[in-house]
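Predicted model, so just to flag it, every value in this text is computed and none were measured. In the text below, chain A, chain B and the rest are named by the order of the sequence lines, each starting its count at 1. Both backbone and side-chain heavy atoms feed into the values below; hydrogens, waters and symmetry mates do not.
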Amino acid sequence: MNSPKKVSAFSAQVYALCRRIPQGRITTYKELARALGKKGQVYRAIGHVLRENPFAPEVPCHRVINSSGAVGGFRGKTNGKEVQEKIKLLEKEGIRIINGKVNLQKYLFRF
DNA sequence: CTCTTGACCGACG
DNA sequence: CCGTCGGCCAAGA
């Protein structure tokens, strides 16, 4: 039995899309925002939502990175050990990370 | 309801 | 490549 958390409709969409991400693949905040059909700074809101992951590890928020190829942040840290752990997890899934950056043209998954 | 901050992105110099 | 500014959504205090 699951423990359904009460989240806003917007947050539910973000979590739902994260679950769609196949293993060995990553996506960006911008692609998520574009998939939601919103325009503007939706990616900022996504970052706030993913910061708290009530569906972890069912929702692999660590597969969501920046459009710049940077891993971004993890557990609320934009730059720290948590981010290093995130990188390690991605490498474990078969993603090659160079200098803390991911090859978007190779691993970027689009909805 | 109002204000601030944020796991961001893109353009400019 | 790096620093700075603008953008205008969402959640918390």
Side-chain angles (χ1 to χ4, degrees):
Chain A
M1 179 61 179
N2 272 350
S3 305
K5 296 272 185 173
K6 298 176 182 174
V7 292
S8 302
F10 184 79
S11 306
Q13 291 291 324
V14 177
Y15 296 133
L17 288 172
C18 286
R19 290 171 65 187
R20 282 190 187 179
I21 307 174
Q23 189 175 41
R25 224 54 131 196
I26 51 92
T27 191
T28 64
Y29 296 101
K30 190 183 174 184
E31 286 297 311
L32 282 170
R34 196 165 278 185
L36 292 175
K38 307 281 186 178
K39 55 180 176 179
Q41 317 176 240
V42 193
Y43 17 80
R44 302 177 81 170
I46 293 174
H48 258 210
V49 171
L50 287 183
R51 187 179 178 200
E52 295 270 309
N53 190 7
F55 293 95
E58 188 177 271
V59 177
C61 52
H62 60 267
R63 285 183 197 151
V64 185
I65 63 174
N66 298 6
S67 296
S68 315
V71 193
F74 194 54
R75 269 192 84 178
K77 301 297 180 178
T78 55
N79 195 12
K81 291 183 184 176
E82 311 301 283
V83 183
Q84 303 300 323
E85 293 290 298
K86 179 177 178 180
I87 295 175
K88 211 168 189 176
L89 285 168
L90 291 173
E91 288 187 306
K92 215 174 198 175
E93 300 199 347
I95 300 178
R96 193 66 170 185
I97 301 181
I98 310 294
N99 197 11
K101 308 242 174 146
V102 183
N103 208 344
L104 289 176
Q105 47 186 334
K106 185 175 182 183
Y107 295 109
L108 178 57
F109 170 74
R110 299 183 184 178
F111 299 95

Linking I/L/V/M/F/W/Y whenever any side-chain heavy atoms sit under 4.5 Å apart, do A/Ile26 and A/Leu32 land together? no
Donor-acceptor contact below 3.5 Å, side chain A/Arg20 vs main chain A/Phe111: no
In Å, rounded to the nearest 0.5 Å, how long is the span from CZ of A/Phe74 to CG of A/Leu89? 6.5 Å
Name every residue in residues 7-36 of chain A that has at least one heavy atom under 4.0 Å from any atom of DNA chain C, in order of residue number, or write none if there are no such residues. A/Ser8, A/Phe10, A/Ser11
Where does the angle between the aromatic ring planes of A/Tyr15 and A/Phe55 fall among parallel (under 30°), tilted (30 to 60°) and perpendicular (over 60°)? tilted
Going by an N to O cut-off under 4.0 Å, is there a salt bridge joining A/Arg75 and A/Glu85? no
Kindly indicate, with the supporting measurements, whether the criterion side-chain contact (heavy atoms from CB on, under 4.5 Å) is fulfilled by A/Arg63 and A/Thr27. CA-CA 6 Å; A/Arg63 285 183 197 151; A/Thr27 191; 5.8 Å; no
Report yes or no: does A/Tyr43 contribute a side-chain atom to a donor-acceptor pair with the main-chain N or O of A/Asn66 at less than 3.5 Å? no
Residues that A/Arg96 engages under salt bridge (charged side-chain N to carboxylate O under 4.0 Å, His left out), provided they are two or more places apart: none
By salt bridge (charged side-chain N to carboxylate O under 4.0 Å, His left out), A/Glu52 pairs with (sequence neighbours left out) none
Counting only heavy atoms and a strict 4.0 angstrom limit, can you tell me which residues of residues 62-92 of chain A come near DNA chain B? A/Asn66, A/Ser67, A/Gly73, A/Thr78, A/Lys86
Using a cut-off of under 3.5 Å, enumerate the N/O to N/O pairs linking the protein to nucleotides 1-7 of chain C.
| from | atom 1 | to | atom 2 | distance (Å) |
| --- | --- | --- | --- | --- |
| C/dG7 | N3 | A/Gln41 | NE2 | 3.2 |

Kindly work out whether a path of hydrophobic side-chain contacts (I/L/V/M/F/W/Y, heavy atoms less than 4.5 Å apart) joins A/Leu108 to A/Val42. no
Within the side chain of A/Ser8, is there an N or O that forms a donor-acceptor pair under 3.5 Å with the backbone of A/Ser11? no
When rounded to the nearest 0.5 angstrom, what is the spacing between NZ in A/Lys86 and CD1 in A/Ile65? 7.5 Å
Taking 5' to 3' order, which nucleotide of DNA chain B is first and which is last to have an atom within less than 4.0 Å of a heavy atom in chain A? B/dT5 to B/dG10
